[in-house]
Amino acid sequence: MDKLNISHAWQSLANHYDKVANLMVKDQFTSSANRFSDFSLKAAGLFLDYSKNRITHETMQLLNGLAEASGLIDYREAMFKGAKINVTEKREVLHTALRNIEDDSTPEGKLVKKELEHMAEFVHKVHGGKWHGYSGKAITDVVHIGIGGSDLGPAMVVAALKPYATNVKVHFVSNLDATHISETIKYLNPETTLFVIASKTFTTQETLANAVAAKEWLLSKVPNGKNTILHHFIGVTAKPERAIEFGIGQDNIFPFWDWVGGRFSLWSAIGISIALAVGMDNFYELLGGAHEMDRHFRTAPFKENMPVILALLGIWNINFLGASTLAVIPYDQYLYLLPAYLQQLEMESNGKRVAIDGDNVTYKTAPVVWGAVGTNSQHSFHQLLMQGTQMVPVDFIIPLHSHNPIGDHHLLLYANCLAQSQALMCGCGEEEIIRELKGQKMSQEEADKLVRHKIVPGNVPSNIILVNKIEPKTLGALVALYEHKVFVQGVVWQINSFDQWGVELGKHMASKLVPMLQGEKDLSGLDSSTRGLIDIFTSDVY
Ligand code: F6P
């Protein structure tokens, strides 16, 4: 395969960029009545309006050419068919099999079917009070302990689907900071609390430390301890033997497999806390929505393929228009954890600097993903989006209907979302501002002084993703949309989106520092900063 940035497809885009560098999107709307319909599409219950990007029809054609030249069609099939496309870890990437629940013709399908049955049986028992704590009382609270992919997905979905909550309340503990678990269990009743220990490897420091703390808390509250672990702990892991060693009963372990990457695991038994929070039927709906997006992604031609389009727009913004970040701004309070979830999905997947062939890439890969819910974000960082020195593309996400239709709230929310997207595109120019200031009877001199501060240059690209309502099915489709977007970008950038070697370095170094902080190992060989900070910790003087 050609190196990406010397390929014909890339060079064509670079030449095209020279032609359209000064294109103003708002002018494109004036010259084409069809721009909105030309650059929008519907799939799996989602509507994407990408007409406010700095693109023309030719841009999209050339971007499609880039996708075609990348071998995306073959890679996509390879992923769905279970080829070992995670080459550095020699693993299949088959999270799509987790939501293809009608198909049990493959070995993976059979495993998934069995697992879902096990999950359903357990969830029904908990909800029906048939699974109970050591003293016979029904479970009222679940504490899901995990981190990274074993936390962010379930936590985000449980928050997003709060309107569907059952009588079992689900809490999440991830941070190694003991405050997280302490504050979570403080008011819980050990008799009615179930812990879900979620860890693919069952070796992750944070999760094990919190799991041990949970076990100690429970045992400290319960007369004749040990057997209570069987009533109050379940494990979700690809390493059942380690969960058994921890004390979890064999029947209380929900396995998943090497072919499910951590950050793609909410669809597996890692999602059992979702099912406990909102019921098994809603979990099936979530899987169903994602599967609908999978089918769309697998079959739609590139120019009508939502994940492909979203991915290519990202590449255009990053590699040709120079963006380094992507803001994700959901106008839905229930989606407040979506930016954090997408940070891991995009940045752990595509924050890579070496291509599959082992050479350094010579172009930018994943953007820094960040964001917060609108309208709060408007009163915090939109100033930079409007007038800062960096161009920050935005994905706005908004439902057409609110779960809480009171007063004019939703209409106002919708108006604000559209207004931000419109303002980013149109900006506000000198003439308009002068007119406005003069209308306010400002002197020419004063107006001349102020005008430059008020100019908003505009031409900032944004997408709007519209859903009818944040429901299990649409949420499933939305998450799968971003998963496939990330996959497409990884293919085009010629990187492996499914490993995370960089994360390992920090873990390894932390484990080396532990004996030094315990005073059991000498500090020679350390840099003076790390040594000095260890000295302060061990002597408790600064
Ligand atoms: O953050 C790094 C990471 O390896 C993620 O990829 C993974 O989701 C997370 O740690 C948790 O790992 P585990 O599920 O094995 O505890």
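All heavy atoms count here, side chains included; hydrogens, waters and symmetry mates do not. The structure presented is a predicted model; accordingly, all values stated were derived computationally and were not measured. Note that ligands are numbered from 1 as they come in the structure, with each ligand's atoms numbered from 1 the same way.
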Margin query: Using the rule given for salt bridge (Lys or Arg N to Asp or Glu O under 4.0 Å), can you reason through Arg91 versus Glu89, listing the C-alpha separation, both sets of side-chain angles and the distance that settles it, and then say yes or no?
Written below: CA-CA 5 Å; Arg91 283 183 189 157; Glu89 297 180 317; 3.6 Å; yes
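- With hydrogens and angles left out, the side-chain atoms of Thr207 and Asn210 include no donor and acceptor closer than 3.5 Å.
- Taking the ring axis of Phe233 as reference, the NZ or CZ atom of Lys215 does not stay both within 45° of it and closer than 6.0 Å to the ring centre.
- The heavy atom nearest to atom 3 (C) of ligand 1, considering only Lys200, Arg263, Lys507, is found in Lys507.
- At a heavy-atom cutoff of 4.0 Å, ligand 1 is contacted by both the backbone and the side chain of Thr201.
- With hydrogens left out, the protein atom closest to atom 12 (O) of ligand 1 is Thr204 OG1, 3.5 Å, a heavy atom.
- Atoms of ligand 1 found under 4.0 Å from any heavy atom of Gly262, numbered from 1 in the order shown, are 8 (O).
- Applying the side chain to side chain donor-acceptor pair (under 3.5 Å) criterion to Thr203, with sequence neighbours excluded, gives Thr201.
- With Gln500 as the fixed residue, the side-chain hydrogen bond (donor to acceptor under 3.5 Å, both in side chains) test singles out one of Lys352, Arg263, Gln344: Arg263.
- Proximity of Val278 to Val158: side-chain heavy atoms (C-beta onward) are nowhere separated by under 4.5 Å.
- The nearest heavy-atom contact from the protein to atom 9 (C) of ligand 1 is Ile147 O, 3.6 Å.
- Pairs engaging residues 250-259 under the side chain to side chain donor-acceptor pair (under 3.5 Å) rule: none recorded [sequence neighbours left out].
- Atoms of ligand 1 lying under 4.0 Å from at least one heavy atom of Val503, given by number and element, are 1 (O), 2 (C).
- In terms of protein heavy atoms, atom 1 (O) of ligand 1 is closest to Glu348 OE2, 3.1 Å.
- If you look at Gln205 next to ligand 1, there are no close heavy atoms at all, none under 4.0 Å.
- Looking only at protein heavy atoms, the nearest one to atom 8 (O) of ligand 1 is Gly149 N, 2.7 Å.
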